[in-house]
Amino acid sequence: MCGIVAAAAGSNIVSVLIEGLKKLEYRGYDSAGLALLAAGGIERVRAVGRVAELQTAASGCSAHTGIAHTRWATHGAPAEHNAHPHVSGSIAVVHNGIIENYESLRTELSAQGYVFTSETDTESIAHLIDATLKGEPDLFAAVRSVCRRLVGAYAIAVIDHQQPGRIVVAREGSPLLLGLGEDGNYAASDASALLQVTRNMVYLENGDIAELTASQVRIERLDGTPVERPVHVSELSAAAVELGEFRHYMQKEIFEQPEALANTLEIIGGAHSIQAGIFGAQAAQLLADVDHILILACGTSSHSGMTARYWIERIAGVACTVEIASEYRYRVSVPNPRQLVVAISQSGETADTLAALRHAKALGQNKTLAICNVPESAIVRESMLRFITRAGPEIGVASTKAFTTQLAALFLLALVVAKQRGQLSPVDEAAYLDQLRHLPVAVHKVLTLEPEIAIWARRFADKKHALFLGRGRHYPIALEGALKLKEISYIHAEAYPAGELKHGPLALVDTDMPVISVAPNDELLEKLKSNLQEVRARGGELYVFADADSELTASDGVHVLRLPEHYGLLSPILHVIPLQLLSYHAALVKGTDVDKPRNLAKSVTVE
Ligand code: F6R
């Protein structure tokens with residue numbers, strides 16, 4: 001959601017800004033802009049639509065210092081006058097996040113004679129910096145005193161044509177990191193934007209303010225205390241964020257799942273037993289008297305939590321609750337200091353999940369675990385225990401490999417908690433670990449079904465609605481399938497536990513309603529078959545994903561695809577793959593923007 005790139009270097013930085021913005025496109029945006037320190041003052045270029053349009057508009061520009069931004073509209077429509085950077089006097093600013101006190105700032109600044117030309121909250125930051133510079137001419141000091149007045153979340157980057165060569169950045173709540181290069185220094189919302197110039201990254205903390213020039217970087221706290229932050233050498237390869245042979249990032253990421261799972265599961269190696277330490281040094285001690293598990297997450301990550309609930313209760317015998325983070329943070333709940341609070345997030349920056357985690361801690365629940373794909377993210381830093389999924393960068397807005405690697409991590413959690421409670425026999429432990437190790441191969445086999453799934457997708461891509469059914473631990477997989485389909489193909493989709501059909505949704509079923517069913521060969525298959533009969537009897541066309549060894553057969557109006565292996569408790573990890581492929585191919589047929597679906601952002605850093 002919104003992206004920042006800033007550069008101060010010895011050579012022309014315009015292409016660095018543009019390439020950086022392209023790498024941040026996946027975060028979601030509807031307009032883009034840049035501001036450069038040019039000879040005559042600030043040169044600003046803004047465009048609604050894609051970064052490619054900004055690139056055309058900025059061709060011929062040249063500068064050694066500049067800031068750039070992709071905007072995902074919150075305050076004010078996606079329009080050029082609302083696009084960042086915002087300029088006031090000699091300064092320009094780009095901003096991610098939401099300033100909650102912008103209305104009172106706007107009133108105050110309007111009374112001082114500032115004329116607002118946008119509906120954004122960001123413009124008040126620009127005018128406030130300009131007003132502050134009148135009494136405090138040093139840009140660093142002025143930005144620091146402005147930050148002290150801002151309420152809400154922000155990452156900002158500011159330039160001033162009266163103070164050439166300098167960029168001042170600050171963060172509170174929204175992600176921002178610095179890149180230390182040979183020819184210059186840089187800042188961005190995430191590392192992928194800066195890999196083109198450096199691998200040496202410095203992650204800023206909330207309350208940090210920094211100044212960059214081509215040759216120097218200094219960081220202070222907002223109270224003026226100088227701080228040193230460690231330099232991390234990014235392990236991301238530039239190739240990891242390139243599309244390569246694939247048409248879309250989503251397709252690439254679906255096919256990267258065997259590798260992503262293998263990397264995530266490398267931590268168990270060839271061992272026959274599992275150690276609590278894979279969740280952090282303090283895990284054994286902290287998990288010892290856990291009596292309940294509370295999972296907090298949003299969207300796809302909440303579906304991995306819902307699946308894990310079945311594993312945790314069945315294997316470890318510990319009660320588990322899954323709450324949508326945006327609800328939990330505002331709900332009056334009964335705190336339980338003995339419960340383990342698990343925050344699941346691909347990005348680790350999702351505002352609602354982070355706020356829910358903080359809320360849980362504020363209630364005295366300090367046993368916290370982050371399951372996350374980004375090691376330096378806020379959710380990881382604010383949790384006691386951590387498990388980093390090693391899915392690699394997920395660029396497509398629709399989450400795929402992050403989901404399956406979260407599931408693998410959560411299965412490990414179920415095993416560790418079970419073992420701690422004496423609920424896991426050595427034989428079962430070794431068998432589960434073997435199954436996990438075989439997962440990459442099993443997923444690879446499922447991916448070979450793509451051509452048949454693409455044919456199915458063509459059959460129902462012209463439909464307006466679709467119903468997804470699952471039971472037990474595959475109900476969350478049905479939910480995930482419905483979410484994938486609606487977000488990238490814009491086909492309205494709902495998911496139900498199949499037993500709920502006759503309590504309402506059966507009324508929707510007619511010949512125009514494709515019904516997709518996750519039907520593994522498990523203890524609920526016979527029940528599910530009866531539910532499918534109810535659909536077929538009302539004319540609904542069934543698309544059934546079964547296992548190799550199940551007795552379901554195709555007939556008129558009933559299409560059956562068999563997954564190559566029957567995978568027991570871990571079967572949700574295999575059964576979600578065809579649903580990802582189905583949505584992807586339906587979106588291809590519909591011609592939607594698969595990697596950047598309308599109205600959505602990858603990293604939802606505002607409420
Ligand atoms: C759907 C999707 C979203 C995210 C949700 C949480 O495909 O990607 O539903 O799962 O916004 O994001 P994270 O996992 O980054 O907290």
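Note that ligands are numbered from 1 as they come in the structure, with each ligand's atoms numbered from 1 the same way.
Under 4.0 Å is where a charged nitrogen must lie from a carboxylate oxygen, and between D30 and R50 no such pair does.
If you check the side chains of T400 and Q257, you find no donor sitting under 3.5 Å from an acceptor. No side-chain donor from either of H232 and N200 sits under 3.5 Å from a side-chain acceptor of the other.
Every atom of ligand 1 is numbered from 1 in the order shown, and the set under 4.0 Å from a heavy atom of E487 is 1 (C), 7 (O). Counting atoms of ligand 1 from 1 in the listed order, those under 4.0 Å from a heavy atom of Q346 are 13 (P), 14 (O), 15 (O), 16 (O). Close contacts of ligand 1 with V397, meaning ligand atoms under 4.0 Å from a residue heavy atom, involve 7 (O), 8 (O). Listed by atom number, the atoms of ligand 1 under 4.0 Å from T350 heavy atoms are 12 (O), 13 (P), 15 (O), 16 (O). Close contacts between ligand 1 and A398 involve ligand atoms 7 (O) [criterion: under 4.0 Å to a heavy atom]. Ligand 1 places these atoms under 4.0 Å from at least one heavy atom of S301: 10 (O), 13 (P), 14 (O). Below 4.0 Å from some heavy atom of S345 lie the following atoms of ligand 1, by number and element: 13 (P), 14 (O), 15 (O), 16 (O).
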Inset, instruction - Show the numbers, then the answer: is there a ring pair (Phe, Tyr, Trp, His ring centres under 6.0 Å) between F403 and H303? - result: CA-CA 8 Å; F403 179 69; H303 297 154; 7.0 Å; no
Inset, instruction - Please step through side-chain contact (heavy atoms from CB on, under 4.5 Å) for the pair K361 and E382, ending with a clear verdict. - result: CA-CA 10 Å; K361 284 164 56 175; E382 296 190 23; 3.8 Å; yes
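Considering both main-chain and side-chain atoms, L483 never comes within under 3.5 Å of ligand 1 through any nitrogen or oxygen pair. Remark: ligand 1 and T353 share no N or O pair separated by less than 3.5 Å (distance only, no angle test). Here's the thing with K484: one of its N/O atoms is less than 3.5 angstrom from an N/O atom of ligand 1.
A distance-only check finds no donor-acceptor pair linking the side chain of E172 to the backbone of A153 [under 3.5 Å]. Of the possible polar contacts, one joining the Q251 side chain to the R247 backbone as a donor-acceptor pair under 3.5 Å is found.
Annotation: atom 10 (O) of ligand 1 to nearest protein heavy atom, T300 N, 3.1 Å. Looking from atom 6 (C) of ligand 1 to the surrounding protein, the closest heavy atom is C298 O, 3.4 Å. Nearest to atom 11 (O) of ligand 1 among the protein's heavy atoms is V604 CG2, 4.0 Å.
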N/O donor to acceptor pairs below 3.5 angstrom from side-chain atoms of residues 459-468, sequence neighbours left out:
| unit_1 | atom_1 | unit_2 | atom_2 | d |
| --- | --- | --- | --- | --- |
| R459 | NE | Y543 | OH | 3.4 |
| R459 | NH2 | E541 | OE2 | 2.9 |
| H465 | ND1 | H492 | ND1 | 2.9 |

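Here ring pair (Phe, Tyr, Trp, His ring centres under 6.0 Å) pairs that include residues 578-607, with residues two or more places apart or in two chains, are H248-Y584.
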